[in-house]
Amino acid sequence: MCGRYTLRTPLTVLAGQFEFEFLDQPDFHSQHDLGPRFNIAPTQDVAAVRVVEPGGPRQLALLHWGLIPSWAKDTKIASGTINARGDTVATKPAFRAAFKRRRCLILADGYYEWLRSGKTKLPYLYEIKGGQPFAMAGLWESWHGEKRHDSRSASQGESESPLESCTIITTEANPLASQIHDRMPVILHPSDYRAWLDPANQDVAELARLITTYEGLDLTVRPVNTYVNNARNQGDKCIAPP
DNA sequence: CCAGACGTTGTT
DNA sequence: GTCTGG
DNA sequence: CCAGACGTTGTT
DNA sequence: GTCTGG
């Protein structure tokens with residue numbers, strides 16, 4: 001599956017590779033920490049590319065990792081919706097609405113799996129050979145509920161902005177990935193980005209085909225010697241540099 | 001009819 | 001063991 | 001996903 | 001919101 005990953009590539013490089021709108025405004029950088037991230041974890045805001053309106057531009061968005069369906073009464077469900085199974089995502093109540101019209105690319109350049117042997121757990125980093133960033137197939141949602149976890153009391157009846165969240169779709173691990181775990185994130189082929197992102201694309205059969213592991217995906221894996229500490233206490237600077 | 005779930009993975 | 005926070 | 005907490009009362 | 005279980 002995919003419960004931790006990296007994004008070390010600068011935003012300007014990502015903008016070129018994934019062809020999304022990005023104006024290098026100082027405001028944007030000061031509002032969001034978009035520096036190198038070695039240990040992206042669920043509940044954090046993650047970088048995604050989406051097309052909101054049919055025919056519209058590809059836009060960068062920062063989405064809460066852990067999808068909260070529009071009908072959720074609170075955000076508790078998010079811990080179980082950091083991933084969505086590719087074989088059932090079109091029909092599961094929590095995901096099917098997003099699957100129809102709100103697909104996105106989750107930007108990454110590596111993801112971790114932990115190899116367990118007895119009591120010890122060791123992190124391994126999967127990357128695409130060459131180290132270039134890749135796009136994981138994702139869905140996003142907008143939630144207008146009120147029982148937020150980060151209750152910053154809005155007091156005056158001010159309408160809070162909706163909480164935008166996302167999930168990463170998983171599929172069966174390919175031979176390399178299955179050395180450590182049974183499932184892996186869906187990594188999209190660049191030629192499939194357009195069809196995946198188009199909100200008007202309702203061809204369920206085609207969408208299902210896009211999220212099967214593509215032939216020729218050239219992954220590498222290596223142990224990471226420095227322990228991957230919890231992001232909350234150690235920040236992102238805890239992975240051995242490449 | 002209403003009440004309650006709605007999700008994932010891995011491990012024993 | 002299980003829940004929460006990141 | 002992992003890491004870390006997990007409890008109380010009263011006193012400074 | 002919508003489906004399932006009782």
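Each chain gets a letter, A, B and so on, in the order its sequence line appears, and its residues count up from 1.
In terms of the ring pair (Phe, Tyr, Trp, His ring centres under 6.0 Å) criterion, Tyr124(A) has no residue partners (sequence neighbours excluded).
For the pair Asp218(A) (side chain) and Lys129(A) (backbone), a donor-acceptor distance under 3.5 Å is absent. A donor-acceptor pair under 3.5 Å is absent between the side-chain atoms of Arg50(A) and the main chain of Leu105(A), judged by distance alone. Looking at Thr167(A), its side chain does come within 3.5 Å of a backbone N or O of Thr81(A) through a donor-acceptor pair. Although no hydrogens or angles enter the test, the distance criterion places no donor-acceptor pair under 3.5 Å between the side chain of Arg58(A) and the main chain of Val51(A). Formation of a donor-acceptor pair under 3.5 Å by the Trp65(A) side chain with backbone atoms of Ile82(A) is found in this model. At least one donor-acceptor pair under 3.5 Å links the side chain of Gln44(A) to the backbone N or O of Ala41(A).
Here Thr91(A) lies out of heavy-atom contact (under 4.0 Å) with every strand. Within the nucleic acid shown, Phe95(A) comes within 4.0 Å of sugar-phosphate atoms alone, with no base atom in reach, counting heavy atoms only.
Note: OH (Tyr126(A)) to P (dC1(D)) measures 15 Å, nearest angstrom. Taking atom CE on Met1(A) and atom P on dT9(B), their separation rounds to 6 Å, with Å as the unit. Nucleotide dT9(B) holds its P atom 9 Å from the CD1 atom of Ile82(A), rounded to whole Å. Nucleotide dA3(D) holds its P atom 14 Å from the CD atom of Gln44(A), rounded to whole Å. Across the protein-nucleic acid pair, Asn39(A) atom CG and dA3(D) atom P stand 9 Å apart, rounded to whole Å. Per the geometry, CD1 belonging to Ile180(A) stands 14 Å off C1' belonging to dC1(D), to the nearest Å. In this entry the distance linking CH2 of Trp114(A) with P of dT9(B) reads 16 Å, nearest Å. Taking atom CD on Glu172(A) and atom P on dG10(B), their separation rounds to 12 Å, with Å as the unit.
Ring-plane geometry between Tyr126(A) and Tyr111(A) is classed as parallel, the angle between the planes falling under 30 degrees on a 0 to 90 degree scale with a further cut at 60.
Set against dC1(D), dT9(B), dG7(B), the side chain of Ser79(A) has dG7(B) as its closest nucleotide. Which of dT8(B), dG7(B), dC1(D) sits closest to the side chain of Asn83(A) comes down to dT8(B). The side chain of Thr81(A) approaches dG7(B) more closely than any other nucleotide in the set dT8(B), dG7(B), dC1(D). Between dT11(B), dC1(D), dT8(B), one nucleotide has an atom nearer to the side chain of Arg116(A) than all others, and that is dT11(B).
For Arg183(A) and dG10(B), the shortest distance from a side-chain N or O to OP1 or OP2 is not below 4.0 Å. One finds no side-chain N or O of Lys121(A) lying less than 4.0 angstrom from the OP1 or OP2 phosphate oxygen of dC1(D). An OP1 or OP2 oxygen of dT9(B) is reached within less than 4.0 angstrom by no side-chain nitrogen or oxygen of His181(A).
Taking a 6.0 Å sphere around CD of Glu146(A), one finds it holds 12 or fewer heavy atoms contributed by other residues, nucleotides or ligands. Gln132(A) CD: more than 12 foreign heavy atoms inside a 6.0 Å radius.
Only the C1' atoms considered, dT4(C) is 22 Å distant from dA5(B), to the nearest whole Å. Nucleotides dA3(D) and dT11(B) are separated by 14 Å at their P atoms, to the nearest Å. Spacing of P atoms, dT9(D) relative to dG1(C), comes out at 29 Å, to the nearest Å. Comparing the C1' positions of dC1(D) and dT8(B) gives an interatomic distance of 11 Å, to the nearest angstrom. Rounded to whole Å, the separation between the C1' atoms of dG10(B) and dC2(D) comes to 14 Å.
Residue Tyr214(A) holds its OH atom at 9.0 Å from CG of Asp192(A), rounded to the nearest 0.5 Å.
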Give the dot-bracket string for DNA chain C, reading 5' to 3', where a pair is Watson-Crick or G-U wobble with both distances under 3.5 Å, ( ) marks pairs inside the strand, [ ] marks pairs crossing earlier ones, | marks a partner on another strand, and . marks unpaired.
||||||
Can you build the contact string for nucleotides 1-6 of chain E? Use B for base contact, S for sugar-phosphate-only contact, and - for no protein heavy atom under 4.0 Å.
BS----
